Amino acid sequence: MLIYNTLHRQKEEFVALQPGLVRMYVCGITAYDYCHIGHARSNVVFDVLVRYLRYLGYKVEFVRNFTDVDDKIINRAAQEGLSAMEVAEKYIQAFYEDMDALNVLRADNEPRATDHIEDMIKLIRIYLDKDYAYLTSNGDIYFRVRKMAGYGSLSGRNIEELKSGARIAPDEDKEDPLDFALWKSAKPGEPSWDSPWGPGRPGWHLECTAMSEKYLGIPFDIHGGGQDLTFPHHENEKAQSEAAFEREFVKYWVHNGFVRVNSEKMSKSLSNFVTIKDILASFHGEILRFFLLTKHYRSPLDYTENALAEAEKALKRIYWTKAALEKELSRQKWSKGQDFVEAKEEFDALSDKWEQAMQDDLNTAEALGYVFGLVRLANRMLENKTFRKSEPGRLLMLDMLDLLKKWGLVLGLFHHSGQSFLDNLKIMRCRREKIDPKTIDEMIQKRQKARQNKDFALADQIRNELADSGIEVMDTPEGPRWDFA
RNA sequence: GGCGGCAUAGCCAAGUGGUAAGGCAGCGGUCUGCAAAACCGCCAUUCUCCGGUUCAAAUCCGGAUGCCGCCUCCA
């Protein structure tokens, strides 16, 4: 497959360092608050990448870390009257709840920074020995960026450019503004660990070097994260790792684009973020996941509530068709009949195109287009009575469901049975809009009676009343059914 | 100020040289007591604008305009 490598600013053919094995590391969350849609996107995108690589037959060793020591966690702890550890634990659990709702798989390894202090101290020793680091008078240790040739290659900038923008905080004692902290000496009241240089805590970038080396080995295949991590986090991580291990750190750097609100980046500092939990209060997690995959992973994605409502309709359409196929397949007897050659050809073409889209830098937006192609094909065939009742039709319907399942396994979608998903959505909507389904059922029965008496005026009146509450009644051969419009 | 990205129909969106996927909304038809859903058909001679390269450009090059990102914690 082709994957865009930030390091070379181009799509490249993916070739695993060891045949059949992909080692992949993605920067996880700093556990100090509930996750927002930006976190959702990043996690869903890399979840799809892992699933797709496995689908291609690779064994994937996937590591996603938790940053559980950091200024923001310490501040939050003070606010909430908890210890830093308790804060981290709380938001890590919240993260799992969100990811489960989004059908994001657990990583194979989910290491936490505070479990790897010793590993980081070992690294710092190496830097000091090799003169890549220096200890300042107040006990902090910094990495000497200028000593690292090629610094800036990942984020595409040179040292002189960076220098003009860099600055030194008043309490820092850096040789150079670009240098970054490997170790911060403890301040009163802060969590700290013993080290040969006194009590303190590790700098931001060091954990990823320590943990990726420990669990994957260097070099490894794919390093992922949000676009904003490219600089300085990944640039520093790369410099640091290559300084310690004296070889290339990562083969493919992959970064996802931002989620935006009103054309602006969704971020903590702009406090324009919408949390995953906010969304889940009104929408099924699969709708959010679907929405996140409707745009290519590297492009900015604009979040609006309307976009989510559209995603709900689109996903419903797919599940409607799935439900229809499942229902037809419950038939017991099947007649003989001709093969549906043209439909089969169209089916195979969709399968190929989907594959090509995913091969091309994980183009889920295009791939979803082919899912609708399958939906249209299935709906069209379902109009045909012979198709619905004959053996060749049965086989093609099974193929269609299998293909939807295969695609769904990679995209992390469509895994519910059609009818149960639709029922589930309805229940959620009822709760959201505070509607009692019983009342609706009663009204529909009343209307049905009126219809049987050919009292269409009354029947239509009842239907209009329901329509005013946003409810649509559909008369089918199996009797009336209703749903939200 | 430095570096980078994006601009496709009413809205969302795919498409990096060969004549504009898909979704939502809308319009006509089939079905229906009437509807809804579904199906069939329609819905961008055109891809922000101006130049250029080419037999051929939404796609490549130059310029303009607009929006956004990174350079500081951030997925």
Side-chain angles (χ1 to χ4, degrees), chain A residues 9 11 26-30 32-33 35-46 70-72 75 152 155-158 160-167 169 178 204 224-233 235 255-260 262-270 273 290-291 294-296 298-302 304 306-318 320-321 324 353 357 360 363-373 375-376 378-384 451 454-457 459-460 463-464 467 471-477 480-483 485:
Chain A
R9 269 158 211 79
K11 289 186 203 172
V26 173
C27 288
I29 55 161
T30 298
Y32 75 104
D33 202 351
C35 290
H36 60 239
I37 307 178
H39 299 103
R41 185 179 198 193
S42 181
N43 280 283
V44 165
V45 162
F46 289 107
D70 159 278
D71 288 340
K72 294 186 291 292
N75 293 338
S155 52
R157 45 198 99 200
N158 64 56
E160 294 316 315
E161 268 168 29
L162 286 168
K163 199 181 172 181
S164 61
R167 57 170 194 260
L178 295 179
W204 176 30
Q227 220 160 53
D228 50 348
L229 295 183
T230 312
F231 188 90
H233 182 53
E235 192 71 60
H255 294 98
N256 66 276
F258 292 119
V259 175
R260 308 194 299 193
N262 300 325
S263 293
E264 273 185 325
K265 173 183 169 181
M266 180 179 292
S267 78
K268 295 286 183 180
S269 41
L270 295 170
F273 58 92
F290 179 91
F291 166 67
T294 54
K295 191 148 183 188
H296 185 86
R298 280 189 285 115
S299 308
L301 172 68
D302 281 290
T304 63
N306 185 48
L308 220 50
E310 273 190 16
E312 174 164 1
K313 283 185 201 164
L315 186 60
K316 241 164 112 173
R317 182 150 181 242
I318 296 168
W320 263 105
T321 299
K353 283 181 171 174
D360 185 9
N363 196 336
T364 55
E366 188 184 346
L368 284 172
Y370 302 124
V371 174
F372 287 102
V375 164
R376 259 178 290 114
N379 285 337
R380 195 174 351 121
M381 294 312 289
L382 283 168
E383 296 276 302
N384 181 332
R451 289 183 73 216
K454 303 251 187 271
D455 184 357
F456 295 120
D460 288 351
R463 188 170 61 195
N464 288 339
I471 285 163
E472 218 158 54
V473 184
M474 289 155 270
D475 296 318
T476 76
R481 46 175 307 140
W482 65 273
D483 200 350

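What you see is a predicted model; the values in this text were computed from it and never measured. In what follows, every chain begins at residue 1, and chains take the letters A, B, ... in the order their sequences are listed.
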A.B. asks: Which one, C11(B), A14(B), G69(B), comes nearest to the side chain of A365(A)?
C.D. replies: A14(B)
A.B. asks: Looking only at side-chain atoms of E310(A), point me to the closest of A36(B), G33(B), C24(B).
C.D. replies: C24(B)
A.B. asks: Would the distance check show the side chain of T230(A) and the main-chain N or O of Q227(A) forming a donor-acceptor pair, the cut-off being under 3.5 Å?
C.D. replies: yes
A.B. asks: D228(A) has an atom CG; how far is it from atom P of C73(B), in whole Å?
C.D. replies: 11 Å
A.B. asks: Please tell me if R157(A) has a side-chain N or O lying less than 4.0 Å from either OP1 or OP2 of G2(B).
C.D. replies: no
A.B. asks: Counting the atoms with a prime plus P, OP1 and OP2 as sugar-phosphate, which does G38(A) contact under 4.0 Å by heavy atoms, base, sugar-phosphate, or nothing?
C.D. replies: base
A.B. asks: Tell me the interatomic distance from K295(A), atom NZ, to G23(B), atom P, rounded to whole angstroms.
C.D. replies: 18 Å
A.B. asks: Looking at C67(B), which nucleotide sits across from it as a Watson-Crick or G-U wobble partner, both distances under 3.5 angstrom, or is there none?
C.D. replies: G5(B)
A.B. asks: So which one's nearest nucleotide on RNA chain B is more toward 5', R463(A) or L229(A)?
C.D. replies: R463(A)
A.B. asks: Any side-chain N or O of K313(A) less than 4.0 Å from the OP1 or OP2 oxygen of A25(B)?
C.D. replies: yes
A.B. asks: For U45(B), give the paired nucleotide (Watson-Crick: N1-N3 plus N6-O4 or O6-N4; G-U: N1-O2 and O6-N3; both under 3.5 Å), or none.
C.D. replies: none
A.B. asks: If you only use heavy atoms from C-beta on, which nucleotide in A14(B), C68(B), A37(B) is closest to the side chain of S263(A)?
C.D. replies: C68(B)
A.B. asks: I'd like to know whether CG of N262(A) has more than 12 heavy-atom contacts from other residues, nucleotides or ligands below 6.0 angstrom.
C.D. replies: no
A.B. asks: Report yes if at least one side-chain N or O of R317(A) is closer than 4.0 Å to OP1 or OP2 of A38(B); otherwise report no.
C.D. replies: yes
A.B. asks: Is the backbone of G152(A) close enough, under 3.5 Å, to the side chain of E235(A) for a donor and an acceptor to pair up by distance?
C.D. replies: yes
A.B. asks: So what does F258(A) touch, heavy atoms closer than 4.0 Å: a base, only the sugar-phosphate, or nothing?
C.D. replies: base
A.B. asks: Is there a Watson-Crick or G-U wobble partner for U59(B) with both distances under 3.5 Å, and which nucleotide is it?
C.D. replies: none
A.B. asks: Both R260(A) and K11(A) contact RNA chain B. Which one's nearest nucleotide lies toward the 5' end?
C.D. replies: K11(A)
A.B. asks: Report yes if a side-chain nitrogen or oxygen of N306(A) is closer than 4.0 Å to either non-bridging phosphate oxygen (OP1 or OP2) of C11(B); otherwise report no.
C.D. replies: no
A.B. asks: Given atom CD of E312(A) and atom P of C24(B), what is their separation to the nearest angstrom?
C.D. replies: 13 Å
A.B. asks: Measure the distance from CZ on F231(A) to C1' on C73(B) and round it to the nearest whole Å.
C.D. replies: 13 Å
A.B. asks: Measure distances between side-chain N and O atoms of D475(A) and base N and O atoms of C34(B), and say whether any donor-acceptor pair falls under 3.5 Å.
C.D. replies: yes
A.B. asks: Taking atom P in both U59(B) and C50(B), compute the distance separating them and give it to the nearest angstrom.
C.D. replies: 13 Å
A.B. asks: For G10(B), give its Watson-Crick or G-U wobble partner with both distances under 3.5 Å, or none.
C.D. replies: C24(B)
A.B. asks: For K353(A), is the NZ atom crowded, meaning more than 12 foreign heavy atoms sit under 6.0 Å from it?
C.D. replies: no
A.B. asks: Please tell me which of the listed nucleotides, C39(B), A14(B), C68(B), lies nearest to the side chain of R376(A)?
C.D. replies: C39(B)
A.B. asks: Looking for any heavy atom pair under 4.0 Å, which part of the strands does E366(A) touch: base, sugar-phosphate only, or nothing?
C.D. replies: base
A.B. asks: Taking atom P in both G51(B) and A57(B), what distance in whole Å separates the two?
C.D. replies: 14 Å
A.B. asks: Identify whether the distance between the nearest side-chain nitrogen and carboxylate oxygen of D33(A) and K72(A) falls below 4.0 Å.
C.D. replies: no
A.B. asks: Taking the C1' atom in each of A44(B) and C11(B), what is the distance between them to the nearest angstrom?
C.D. replies: 14 Å
A.B. asks: Can you tell me the distance, in whole Å, between the CZ atom of F372(A) and the C1' atom of C39(B)?
C.D. replies: 17 Å
A.B. asks: Flag the pair V259(A) / H36(A) as yes when at least one side-chain heavy-atom distance between them is below 4.5 Å, and no otherwise.
C.D. replies: no
A.B. asks: At under 4.0 Å between heavy atoms, what does G373(A) touch on the DNA or RNA strands: base, sugar-phosphate, or nothing?
C.D. replies: nothing
A.B. asks: Under 3.5 Å, is there any donor-acceptor pair linking the side chain of R380(A) to the base of C40(B)?
C.D. replies: no
A.B. asks: Just to confirm, is there a sub-4.0 Å distance from OP1 or OP2 of A14(B) to any side-chain nitrogen or oxygen of K353(A)?
C.D. replies: no
A.B. asks: With sugar-phosphate meaning primed atoms plus P, OP1 and OP2, does K265(A) contact a base, only sugar-phosphate, or nothing at under 4.0 Å between heavy atoms?
C.D. replies: base
A.B. asks: Answer yes or no: side-chain N or O of Q227(A) and base N or O of G69(B) forming a donor-acceptor pair under 3.5 Å.
C.D. replies: no
A.B. asks: Tell me what V259(A) touches on the nucleic acid: a base, only sugar-phosphate, or nothing, going by heavy atoms under 4.0 Å.
C.D. replies: base
A.B. asks: For a quick check, tell me whether the side chain of R451(A) and the base of G33(B) share a donor-acceptor pair closer than 3.5 Å.
C.D. replies: yes
A.B. asks: Between A14(B), C11(B), C71(B), which nucleotide gets closest to the side-chain atoms of P232(A)?
C.D. replies: C71(B)
A.B. asks: Report which part of the nucleic acid H296(A) touches: base, sugar-phosphate, or nothing (heavy-atom distance under 4.0 Å, all strands).
C.D. replies: sugar-phosphate
A.B. asks: What is the distance, rounded to the nearest whole Å, between atom CD of E383(A) and atom P of C39(B)?
C.D. replies: 7 Å
A.B. asks: Does any nucleotide pair with A38(B) by Watson-Crick or G-U wobble geometry, both distances under 3.5 Å, and what is it?
C.D. replies: U30(B)
A.B. asks: Would you call F456(A) stacked on G33(B), i.e. ring centres under 5.5 Å apart with the planes less than 30° off parallel?
C.D. replies: yes
A.B. asks: When the P atoms of C12(B) and C68(B) are considered, how many whole Å apart are they?
C.D. replies: 15 Å
A.B. asks: By the 4.0 Å heavy-atom rule, please label V473(A) as base, sugar-phosphate, or nothing.
C.D. replies: base
A.B. asks: Please confirm whether the shortest side-chain N or O distance from N379(A) to OP1 or OP2 of C39(B) is below 4.0 Å.
C.D. replies: yes
A.B. asks: I need the CE-P distance between M474(A) and G33(B), as an integer number of Å.
C.D. replies: 17 Å
A.B. asks: Considering all heavy atoms of both residues, which atom of R9(A) and which atom of S155(A) are nearest to each other, and what is their separation?
C.D. replies: NH2-C, 3.2 Å
A.B. asks: Are the side chains of R317(A) and R376(A) in touch, meaning some heavy atoms are under 4.5 Å apart?
C.D. replies: yes
A.B. asks: Atom CZ in R41(A), atom CG in N256(A): separation rounded to 0.5 Å?
C.D. replies: 6.0 Å
A.B. asks: Record whether the side chain of D460(A) comes under 3.5 Å of the base of G33(B) through a donor-acceptor pair of N or O atoms.
C.D. replies: yes
A.B. asks: Is any side-chain N or O of K268(A) closer than 4.0 Å to OP1 or OP2 of C73(B)?
C.D. replies: no
